[in-house]
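Here the structure comes first, spelled out in structure tokens, and everything after it is commentary.
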Amino acid sequence: MSAHEAAFGPLLRELRLAQSLTIEALAEASGVSVRGIGDLERGRRAAPQRRTVAALADGLGLGDTERERLLAAARAGRTPGYSPVGVRSFPRGIDDFVGRADELDRLEKLAEPQTGPAHAQPVVVAVHGAPGAGKTTLALRAARRLADRYPDGQLLVDLRGTDDTPPAPTELMVRVLKAFGVPDRDLAKPGPQAHPALYRQVLADRRCLLVLDNARDEAQVRPLLPGAGGALVLITSRRMLTGLDDVHRLPLGRLEPAESAAFLTSLVGEERATAEPEALQEVARLCAHLPLALRVAGNWLATRTGWSVRRLADRLAREERRLDALTAGDVRVAAAFDLSYRQLTPTAARLFRRLSLVPGPDVGAACAARLTGQDLYDTEDTLEELVEAGLLGVTGDRYRLHDLLCLYGRARLAEEESAEEAERARRSMYGWLLETAVVAGRWYEPGHGAPPATWRGTVDLSSSDKARAWLQTEAANWLAALHAAAAEGAHATVVEVAESLHWFSDQWIFWGHWPEVFGTAVRSAEALGDPLLEATQLNYYAWAVLLCEGRPRDSLEYSARALAAARRAGDTVQQAWAHHYAGWAHRLLGEDAPVADHITRAVALFEAAGDLHGVVQGLLGHALHLEGAGRSEEAVEGYRQALTRLDEAGGRVEEHIATFARISALAGMGRSYSRLGRWDEAVEHLRASVELSHTDGNIALESRYLTSLGDVLTSAGRLTEAREVLTRCIALGPDADPHRVADARARLARLDTG
């Protein structure tokens with residue numbers, strides 16, 4: 001619009017006053033509503049259609065010159081590139097947008113012109129995520145980026161879904177129709193019953209972009225979705241809106257750490273960010289990479305130039321005050337959580353609060369049920385309500401409370417429930433975790449196996465694989481329960497749990513917490529004053545220090561203490577195990593002199609006690625000693641003797657222990673054959689060991705023997721096969737032996753470089 005042309009609203013007011021007409025009088029003379037004229041004069045409505053301008057000109061009694069002037073102002077208000085409902089009128093806050101590249105790319109792809117028989121169909125995208133995840137910001141950023149593709153307008157409609165009484169769909173329809181220039185009389189004449197049809201027709205006739213922000217639920221948003229035309233509709237909601245059909249779903253989680261750092265840098269400035277990069281990363285971590293929390297933290301620093309980034313990081317590090325610290329002016333992270341929390345049913349609100357008692361990063365439904373006393377199926381429904389509300393994340397059958405939401409839940413728990421109620425809920429959960437850990441672990445213990453018929457658990461432990469899966473997925477939670485039991489003096493429970501997990505630990509060697517488990521059990525056994533329990537747990541701890549932590553020298557102290565305690569108790573089996581672990585440690589240390597003595601004593605004591613499980617382990621230890629001494633032919637025979645003893649024992653050796661021993665014996669034979677240059681036999685036995693490890697699900701052993709197989713294949717000149725097994729080792733994941741995975745990478749690199 002040129003400088004000499006007036007905007008439509010001010011010009012209309014000027015012409016009306018020149019005729020000495022009130023708004024009411026002009027409304028009566030023109031047929032345009034009083035509200036419509038008022039909105040036009042105040043600039044609250046888009047420039048009107050030509051027929052509305054003509055009616056106003058007639059009502060004003062304008063001559064040709066003034067009539068053309070009014071029409072020109074209306075045309076100028078409708079020129080391409082300007083729209084009162086376009087991106088130019090969207091709220092601020094998207095210029096410092098960072099990250100979400102994949103999500104923006106996906107939206108851009110969805111906005112591409114459609115071809116084929118289904119062309120000109122609306123595209124509807126539901127953007128959902130936790131409070132503060134940046135849903136609206138993403139939608140507005142996308143709208144700005146895609147504005148040129150939607151020349152008929154871009155409209156943001158706040159559905160106010162978190163209000164106690166959000167606007168009804170019919171009210172929202174009228175708002176959209178008015179924004180797109182539908183005259184009031186066209187709305188009033190047919191009546192409200194015709195508005196849905198008119199709404200669909202208006203959107204079908206336009207290629208527009210509609211952002212339906214902050215939707216409450218499906219019922220509110222479903223009537224607002226166009227059925228035809230080329231519109232793009234972006235719905236943002238804290239809820240997943242599962243009930244909507246034929247929509248593209250775009251979940252928003254946390255930002256990546258690098259994105260969080262970049263976002264904070266954009267707010268505090270490059271100089272301050274680069275001066276304290278570690279503190280900046282810590283602030284991002286303490287904000288749990290949640291965009292709203294990051295914005296609050298960044299704005300706090302931006303307005304307090306005298307503060308170091310470290311000072312804010314230290315302030316946020318105080319967990320009990322973190323949510324209070326994440327406040328900048330009238331923006332509070334906790335307030336965003338409040339809006340979702342107050343919409344929960346009382347049952348869901350109680351479970352949400354109590355989920356903050358879960359010590360691990362996630363939880364299963366059966367464990368969550370112990371927090372409220374609900375049955376399992378009702379708990380699953382309640383958990384899904386929390387997921388739908390955007391307050392709980394879910395991966396498979398595991399539920400996760402975002403770090404800041406966990407702090408918020410903890411605050412709500414302290415505010416709304418007594419300390420006694422919270423403690424009862426925690427004790428119920430911890431007791432169930434330890435009870436279930438004992439039953440699951442005993443699948444791998446001689447003389448136990450499947451849960452007893454009298455056990456009435458709420459998780460499926462009908463097979464050893466299911467027991468192992470439960471122990472692994474709930475590990476962080478039952479470990480915390482074990483520590484709590486020790487702290488509260490429940491020493492018998494601690495020892496019972498550790499005892500039940502003894503043989504299971506061979507299935508998950510590199511979990512990283514076995515020294516913690518058995519070290520805690522040693523202290524509990526000492527507190528109970530029972531030398532046999534003490535000897536047993538000291539032996540387990542010696543194993544954990546020796547194998548899991550790779551500290552054979554330190555483990556000798558514990559096997560020696562175990563031997564002394566076992567002698568006090570007069571227990572032959574634990575004396576044998578103490579000798580077994582001592583011989584193992586000396587062998588790893590290269591101290592050959594004491595190895596043979598300890599191994600001989602161990603086997604003899606196991607035989608005397610009639611402990612077949614121990615005998616097989618002792619025979620394997622003897623074969624390992626021969627292998628390490630370079631006596632390969634004797635080592636092969638020693639491993640074969642261990643396998644023969646297993647076969648003769650039949651079902652008297654527990655299946656999982658027998659499988660573990662067979663894996664070790666086959667691998668030892670393979671290594672020994674390789675030292676003899678008998679490559680085919682070496683590969684055959686190592687492959688058998690690897691495949692048996694894989695079938696048994698023992699990833700730690702699989703990684704160990706894949707690297708041995710890779711070495712043998714390399715030495716045999718079978719390089720393609722060597723690359724395959726080393727690559728397989730690298731891909732095993734976190735349960736593999738980290739040292740073997742590192743070795744596999746190094747070996748593969750050497751093969752690739754010749």
ask   = Do other residues, nucleotides or ligands put more than 12 heavy atoms under 6.0 Å from the NE2 atom of His694?
value = no
For Tyr430 and Leu357, run side-chain contact (heavy atoms from CB on, under 4.5 Å): C-alpha distance rounded to whole Å, both residues' side-chain angles, the deciding distance at 0.1 Å, then the answer. CA-CA 10 Å; Tyr430 278 8; Leu357 296 170; over 6 Å; no
Before accepting this row, confirm whether a basic side-chain N of the pair [X]/[Y] lies closer than 4.0 Å to the acidic partner's carboxylate O.
X: Arg728; Y: Glu721; value: no
X: Glu557; Y: Arg561; value: yes
X: Glu637; Y: Arg631; value: no
X: Arg723; Y: Asp752; value: yes
X: Arg662; Y: Asp696; value: no
X: Arg427; Y: Glu423; value: yes
X: Arg523; Y: Glu526; value: no
X: Glu654; Y: Arg442; value: no
X: Glu474; Y: Arg398; value: yes
X: Glu607; Y: Arg645; value: yes
X: Arg254; Y: Asp403; value: yes
X: Arg718; Y: Asp680; value: yes

Near-ring test [Y]/[X], centroid separation under 6.0 angstrom:
X: Phe518; Y: Tyr541; result: no
X: His586; Y: His598; result: yes
X: Trp503; Y: Trp508; result: no

Main-chain N/O of [Y] paired to [X] side chain as donor or acceptor, under 3.5 Å:
X: Ser428; Y: Arg424; result: no
X: Ser463; Y: Lys466; result: yes
X: Ser689; Y: Leu666; result: no

Kindly indicate whether the side chain of [X], heavy atoms from C-beta on, has any atom under 4.5 Å from the side chain of [Y].
X: Cys548; Y: Ile509; answer: yes
X: Val725; Y: Val690; answer: no
X: Arg553; Y: Glu591; answer: yes
X: Asp735; Y: Gln472; answer: yes
X: Arg551; Y: Leu546; answer: no

Give the ring-plane orientation class for Trp514 versus Phe504, where under 30° counts as parallel, over 60° as perpendicular and anything between as tilted.
perpendicular
With under 30° as parallel and over 60° as perpendicular, where do the rings of Phe606 and His580 fit, or are they tilted in between? perpendicular
_Walk me through whether Trp455 and Glu435 qualify under side-chain hydrogen bond (donor to acceptor under 3.5 Å, both in side chains)._
CA-CA 10 Å; Trp455 188 68; Glu435 174 193 335; 3.2 Å; yes
